[in-house]
Amino acid sequence: MSPAAPPPEEAEILAALLAPAGRLVEPGCDPAPTLPEQALLALALRTITAWRLPLTPLVTEALHHRMGLGQERRLDIHIALQEALTNALLHGNLGLGSELRGSFAGLGLLQEKIETGLSDPLRANRPVVVVARPAPPAHLWLEVRDYGQGFFPSGALPEGPAAPHAPRPGTPLGTPPPPHGRGLGLIRCLTESCEWRQESRTLAMLFPLAEAGGA
Amino acid sequence: MQVKLTPGLGGVEVAVSGTLTFDAHAAFRQVVMAQVDQPGAQPVLLDLAGLDYIDSAGLGMLLLAREAAEKRGRGIILRGARGQVARILTVSKFNQLFTIQP
């Protein structure tokens, strides 16, 4: 069944995140998401809503409003959250692989597959959940949970390149960098630590709140 | 994403502005790649000063552009990145792959 209510708009989401409770669950999420009782922010949106909206700037703005992020930290959180959300929506809830991102022909095909996925209620209504929790002293956990089956086949975060453009381990020297699969590499570079929790399908990212001091 | 082409001494300068994310792939292919994938002695100049935001999909498109330019024996200069764009280029160590100018 389709939800009767229209999807929330940007202003409504931001207002909910700025309110004291800092929570919003979009009606029609299937399965119904479980949000933690204790969180700075907790947000659950259907895949189709999250894909269509500029969700990352809304969440980053709400975090900045609550915590007063420095400019550099704000950029880092924005970049990492965008990559985590893209992975959760594309590879998690929509169940699409990343292999199509390596060519323009592939990107065109991927767009068609995304639209097909968003027209399928089973995938379009899967929630994506974003939770922010303070991590004393002076750190922040940002968790992105999906309800798909894909992304990683096993529990551990797969080994990735140290730098987002660097060849993967085992790649012969001189091989051009792959034009896809940089999202996790970026997240690793921008977080103090990050972990994939397979049982809850959650990517948890830990950010220091202090600025790096000119780095 | 918007693209502005300006003829210059070293060839056409390609100014990309707005947001370079997955949604921009068709426009990037149609306009930017058409400029990059051409023979020429000079490197291709991509002006990013008007670019507000880029994500890993946009970085992937820059890598595809680099690949196409290299096949033509040319390099790519990325000029004028600021804010989030400058930060993500630094974190991704794109200075090892492109000539980056302020």
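This is a predicted model, so every value here is computed, not measured. Note that these values count all heavy atoms, side chains included, but never hydrogens, waters or copies made by symmetry. To find a chain, count down the sequence lines: A is the first, B the second, and so on, and within it residues start at 1.
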- Assert top hit (heavy-atom pairs under 4.5 Å, partner chain A, pool E70(B), R29(B), M33(B)) equals R29(B)
- I114(A) portion near chain B, given a 4.5 angstrom heavy-atom threshold: side chain
- Should the heavy atoms of other residues, nucleotides or ligands under 6.0 Å from CD of Q30(B) be counted, would the total exceed 12? no
- Task: Return yes if a side-chain donor-acceptor contact under 3.5 Å exists between H25(B) and Q111(A), otherwise no.
- Result: yes
- Task: State, yes or no, whether a side-chain contact exists between L190(A) and V91(B) at a heavy-atom distance under 4.5 Å.
- Result: yes
- Query: Out of curiosity, Y53(B) OH to I79(A) CD1, how far, rounded to the nearest 0.5 Å?
  - Reply: 6.5 Å
- Query: Does E83(A) reach the main-chain N or O of S56(B) with its side chain, forming a donor-acceptor pair under 3.5 Å?
  - Reply: yes
- Message: Tell me the closest heavy-atom pair linking F22(B) and L110(A), and the distance in Å.
- Response: CE1-CD2, 3.7 Å
- Heavy-atom neighbours of E9(A) CD exceed 12 at 6.0 Å: no
- Message: Quick check for you: to the nearest 0.5 Å, what is the distance between D55(B) atom CG and H78(A) atom NE2?
- Response: 10.0 Å
- Item | CZ on R74(A) to CD on Q84(B), rounded to 0.5 Å | 12.5 Å
- Rounded to the nearest 0.5 Å, the CZ atom of R101(A) sits from the CE atom of M61(B) at a distance of 9.0 Å
- Message: Within the structure provided, determine whether S92(B) and L186(A) are in side-chain contact (heavy-atom separation under 4.5 Å).
- Response: yes
